[in-house]
Participant: 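Below is one structure. I have some questions about it.
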Amino acid sequence: MAGPGTNAPQGEASFRNIRVQLLLPTWAMIGIFLLLPVLLMAVYSFLTKEMRGGVIWEFSLAAYDQFFVNRGLFGDEPATLEWTYIAVFWRSIVQALVATALCLAIGFPTAWFIATRPVATRGVWLFLITVPYWVNLLIRTVSLRFLIRENGPLNEGLLALGVISEPLAMINTNFAVQLGLFYSYLPFMVLPIYAAVERYNFALSEAAADLYASRWTTLREIVLPIVKPGIIAGCLLVFVPSLGAFLAPNLLGGAKNFMIGSLIEEQFKKSLGNWPFGAAVSMILMSLVLILLLLYARNASKSEVR
Amino acid sequence: MALRSVRHYPGFAGVAVLCLTILYVPLIVVMIYSFNASTSITNWGGFSLRWYGEVFTGPDAPRFKAAAWNSLTIAVLASGISTVIATAAALAMLRAGAFRGRSLTFALINLPLMVPEIVIAVSTLIFFTMISFQTGYLTILIAHITFCIPFAYLPIAARLQGIDGSYEAAARDLYATRAQAFFLVLLPLMAPGVISGALLAFIISLDDFIITNFVKGAGMETLPTAIYGSVKQGIKPGIMAISTMMLAVSILFVTLSYLINRKGRPVTSG
């Protein structure tokens with residue numbers, strides 16, 4: 001007879017007999033308008049494309065074939081692995097990884113610094129870190145584009161200071177996309193790491209210092225293993241939305257540096273689209289993300305058992 | 001002394017300041033340039049409010065006004081409805097004992113957070129097209145309610161978890177009906193969580209571009225899609241004025257939510 005239920009059975013389970021009614025709206029909304037559409041999308045990826053957008057209800061593997069198999073320009077050559085779309089995925093993964101690494105490099109020291117402030121100032125720092133998250137992502141991306149464009153304020157400023165003699169070409173580069181993703185999702189890295197560092201027992205660091213460990217050895221050997229769950233959560237929260245990002249690559253990267261998001265979007269433009277192919281690319285993206293999340297969930301539950 | 005040194009790492013303070021600088025410089029620069037009198041977006045021509053005037057009276061004004069109205073009404077409706085749905089779900093998840101399918105329901109609530117946004121956009125478009133539902137205001141609203149549910153749910157559930165069941169039990173012992181116990185006792189205690197959830201859902205709805213862009217149909221615009229449309233042709237000063245106003249709204253909201261949460265905190269611990 002343990003658990004909170006025994007102390008206040010009425011309060012803890014007072015909604016037991018209307019549970020279904022309470023959950024029905026959630027089941028209906030997410031079930032009908034998200035789960036069902038995702039399943040439908042899976043079906044669509046196995047249909048035949050219609051020339052003016054949309055589909056013909058006929059089973060076909062053409063979408064996945066187009067993604068993975070190269071049969072030459074006229075489709076009569078022996079099948080080889082198609083690299084075009086795999087390269088787009090690869091580029092997206094690399095961009096998202098670089099953005100995650102940048103976020104970690106800036107986010108960890110920041111989170112540590114905030115967590116070691118007196119309690120009163122911590123709130124202010126956290127507030128300042130979260131404000132940009134509440135600002136419209138499109139506006140943040142446009143602002144960044146305005147700042148780093150060819151004759152934008154950053155270049156003008158650096159020129160005026162004499163740091164550079166010619167404007168840096170930052171816009172429409174890989175770097176601009178990485179910067180944009182980094183800028184979009186930086187708060188997602190800081191917050192979970194902060195939560196982990198805040199719970200960290202600093203007596204462990206003191207014990208390490210007493211045993212003549214240097215600061216950095218302590219960080220590497222003691223702190224990092226303990227706050228690792230926070231770091232992994234932060235990396236996931238940055239990596240996953242970066243992978244399918246649309247605005248940063250579109251507004252900052254130019255035509256050459258497009259990522260999965262733009263590849264998918266293109267398939268659904270009015271007349272030149274290919275819906276089954278777009279659905280197939282979406283399926284592949286979603287599978288990647290779900291595999292990542294499952295791995296994370298398995299790891300998290302394993303460390304909990306320990 | 002020792003306490004201080006194990007907490008201190010050289011350079012970390014600098015990185016934290018750098019972090020804030022990176023986060024704020026682009027926004028501040030746009031804010032400053034929105035007050036630029038010059039037509040060129042490159043040169044500074046003195047302080048002026050002309051672009052703010054143009055937003056309300058210029059040639060693009062009707063388009064942006066309509067877009068702003070759509071964005072605002074959709075955000076209000078979507079956050080309101082999703083907050084009610086999420087509150088009901090939180091009660092069923094935390095105040096109705098254990099039941100079969102609880103973890104499945106939890107996964108369903110969080111599904112909008114796990115599926116990449118672009119995939120939600122594609123699948124929603126496919127769904128509405130297949131059932132021949134005319135895309136437009138209503139499809140945007142439905143999509144927004146759906147993906148706002150987990151954002152509203154998280155703060156509400158977090159708050160509800162911290163409220164002891166004995167409050168409702170006491171109310172019921174004193175012959176309050178279940179509705180009275182909920183509306184007069186539990187809901188006021190939950191209020192900070194419910195308000196945070198609604199504010200978060202409101203901002204998330206206002207923020208959305210990708211999903212809206214897919215399900216909006218022709219001729220229908222929200223602020224983000226209208227801004228995206230004009231930014232594609234280059235950043236004009238009017239856009240910076242609109243951005244600055246949206247920035248102000250966001251900052252107002254986050255400040256409100258911060259203050260509400262701070263006010264709510266003592267109740268949880270006490």
Side-chain angles (χ1 to χ4, degrees), chain A residues 4 8 10-16 19 22-23 25-26 29-30 33-38 40-41 44 106 109-110 112-114 116 127-128 130-132 134-139 142-144 146-147 151 153 183 186 202 205-206 209 215 244 246-247 261 264 268 278-279 282 285-286 289 293, chain B residues 2 6-7 9 12-13 15-16 19-20 23 26-27 29-30 42 85 88-89 91-92 95-97 99 105 108-109 111-112 114-119 122-127 130 142 145-146 149 165-166 168-169 172 178 203 207 209-210 224 227-228 231 235 243 246-247 250-251 253-254 258:
Chain A
Q10 280 187 13
E12 289 297 328
S14 54
F15 293 92
R16 174 167 290 164
R19 180 196 299 140
L22 288 173
L23 282 176
T26 306
M29 281 311 283
I30 301 182
F33 297 114
L34 185 59
L35 189 58
L36 187 64
V38 166
L40 198 63
M41 182 186 76
Y44 258 54
I106 300 279
T110 305
W112 178 276
F113 179 77
I114 296 174
T116 52
F127 177 72
L128 288 173
T130 33
V131 167
W134 291 67
V135 172
N136 198 301
L137 181 60
L138 174 63
I139 288 179
V142 170
S143 304
L144 193 61
F146 177 77
L147 182 70
N151 45 7
Y183 182 53
L186 182 57
F202 284 95
S205 286
E206 278 157 39
R215 263 196 200 115
F246 176 77
L247 286 174
I264 294 174
F268 292 91
S282 303
L285 170 64
M286 193 175 67
V289 168
L293 292 179
Chain B
V6 294
R7 282 159 193 255
Y9 278 84
F12 278 22
V15 175
C19 179
L20 281 191
L23 286 175
L27 300 177
V29 165
V30 162
T42 323
I85 294 175
L91 290 174
R95 284 294 199 268
F99 61 95
T105 305
L108 195 70
I109 293 172
L111 194 63
M114 293 190 285
V115 179
E117 254 194 297
I118 184 94
V119 176
V122 165
S123 53
T124 313
L125 172 70
I126 288 177
F127 174 72
M130 195 189 132
I142 291 171
I145 294 171
T146 309
I149 290 174
S166 53
E168 297 142 84
R172 294 304 295 278
R178 186 167 57 201
I203 288 289
D207 189 70
F209 167 75
I210 301 172
I227 292 174
Y228 183 80
V231 164
I235 304 173
S243 301
M246 286 185 76
L247 215 73
S250 303
I251 289 169
F253 265 84
V254 66
Y258 176 74

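Computed from heavy atoms alone, side chains included, the values below leave out hydrogens, waters and symmetry copies. Protein chains get the first letters and strands the later ones, always in sequence-line order, with residue 1 at the start of each.
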Participant: Step by step, would you call A/F33 with B/T124 a side-chain contact (heavy atoms from CB on, under 4.5 Å)?
Facilitator: CA-CA 7 Å; A/F33 297 114; B/T124 313; 6.0 Å; no
Participant: Can you tell which of B/I227, B/T105, B/L125 has the highest number of heavy-atom pairs within less than 4.5 Å of chain A?
Facilitator: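 It is B/T105.
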Participant: Examine whether an atom of B/L20 lies under 4.5 Å from a heavy atom of chain A, and if so say whether it belongs to the side chain, the backbone or both; otherwise answer neither.
Facilitator: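 Just its side chain gets close to chain A.
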Participant: Taking A/W112 for its side chain and B/Y9 for its backbone only, find out whether a donor-acceptor pair lies under 3.5 Å.
Facilitator: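 Looks like no, no N/O pair under 3.5 Å.
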Participant: Who pairs with A/R215 by side chain to side chain donor-acceptor pair (under 3.5 Å), at least two apart in sequence or on another chain?
Facilitator: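 So A/R215 forms no side chain to side chain donor-acceptor pair (under 3.5 Å) with any residue.
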Participant: Find out whether A/I264 and A/F246 are in side-chain contact, i.e. whether some heavy atom of one side chain is under 4.5 Å from a heavy atom of the other.
Facilitator: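 When only atoms from C-beta onward are counted, A/F246 and A/I264 do not touch, as no gap falls below 4.5 Å.
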Participant: Using modelled atom types and a 3.5 Å cut-off, is there a donor and acceptor pairing between side-chain atoms of A/N136 and backbone atoms of B/L247?
Facilitator: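 No: the side chain of A/N136 does not pair with the backbone of B/L247.
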Participant: Is there a side-chain contact (heavy atoms from CB on, under 4.5 Å) between B/V122 and A/F268? Walk through the geometry before answering.
Facilitator: CA-CA 8 Å; B/V122 165; A/F268 292 91; 3.3 Å; yes
Participant: At a heavy-atom separation under 4.5 Å, does A/I114 approach chain B through its side chain, its backbone, both, or neither?
Facilitator: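 Neither part.
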Participant: Quick one: does any side-chain atom of A/R19 pair with a main-chain N or O of B/A96 as donor and acceptor, under 3.5 Å?
Facilitator: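 Checked: pair present.
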Participant: Sort B/P224 into side chain, backbone, both or neither according to what part of it lies under 4.5 angstrom from a heavy atom of chain A.
Facilitator: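 Its backbone and side chain both get close to chain A.
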Participant: Can a salt bridge be assigned to the pair B/E168 and B/R95 using a cut-off of 4.0 Å between side-chain N and carboxylate O?
Facilitator: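 Salt bridge between B/E168 and B/R95, a charged N being under 4.0 Å from a carboxylate O: yes.
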Participant: A/Y183: which residues meet the ring pair (Phe, Tyr, Trp, His ring centres under 6.0 Å) condition with it, sequence neighbours left out?
Facilitator: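 Here no residue qualifies.
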Participant: Which answer fits A/L293, side chain, backbone, both or neither, if we ask what part of it has an atom under 4.5 Å from a heavy atom of chain B?
Facilitator: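 Interface part for A/L293: side chain.
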Participant: Identify which part of A/L22 has an atom lying under 4.5 Å from any heavy atom of chain B, answering side chain, backbone, both or neither.
Facilitator: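 For A/L22, heavy atoms of backbone and side chain both lie under 4.5 Å from chain B.
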Participant: Any idea which of B/T146, B/V29, B/V115 has the most non-hydrogen atom pairs under 4.5 angstrom with chain A?
Facilitator: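 Sorted descending by pairs with chain A, the first entry is B/T146.
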Participant: Considering only heavy atoms from C-beta outward, does the side chain of B/F12 approach that of A/T116 to under 4.5 Å?
Facilitator: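 In short, these two side chains do not touch, never coming nearer than 4.5 Å.
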Participant: Check whether A/Y44 gets within reach of chain B through its side chain, its backbone, both or neither, counting any heavy atom under 4.5 Å.
Facilitator: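 Side chain of A/Y44 only, per the 4.5 Å heavy-atom cut-off to chain B.
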Participant: Can you say whether B/L108 sits under 4.5 Å from chain A via the side chain, the backbone, both, or neither, judging by heavy atoms?
Facilitator: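 Its backbone and side chain both get close to chain A.
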Participant: For chain A, which of B/F127, B/F209, B/F253 has the most heavy-atom pairs under 4.5 Å?
Facilitator: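 With the most close heavy-atom pairs to chain A, the winner is B/F127.
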Participant: So which of B/V15, B/I126, B/I149 has the largest heavy-atom pair count under 4.5 angstrom toward chain A?
Facilitator: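 The candidate making the most pairs under 4.5 Å is B/I126.
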Participant: Side chain, backbone, both or neither: which part of B/I210 has a non-hydrogen atom closer than 4.5 Å to chain A?
Facilitator: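 Just its side chain gets close to chain A.
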Participant: Given the options A/L35, A/L128, A/L285, which has more heavy-atom pairs under 4.5 Å with chain B than any of the others?
Facilitator: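 Max contact count across the listed options: A/L128.
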Participant: Of the backbone (N, CA, C, O) and the side chain (C-beta and beyond), which part of A/L186 lies under 4.5 Å from a heavy atom of chain B, both, or neither?
Facilitator: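 Side chain only.
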Participant: Among A/L138, A/L147, A/I30, A/L23, which residue has the highest count of heavy-atom pairs closer than 4.5 Å to chain B?
Facilitator: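 Ranked by heavy-atom pairs under 4.5 Å with chain B, first place is A/I30.
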Participant: Side chain from CB out, backbone as N, CA, C, O: work out which of these in B/I109 comes under 4.5 Å of a heavy atom of chain A, or both, or neither.
Facilitator: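 Both backbone and side chain.
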Participant: Are the side chains of A/L34 and A/M29 in contact, using a 4.5 Å heavy-atom criterion?
Facilitator: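 Not touching, per the 4.5 Å side-chain cut-off.
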Participant: Between A/V289 and chain B, which part of the residue has a heavy atom less than 4.5 Å away: side chain, backbone, both or neither?
Facilitator: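 Side chain only.
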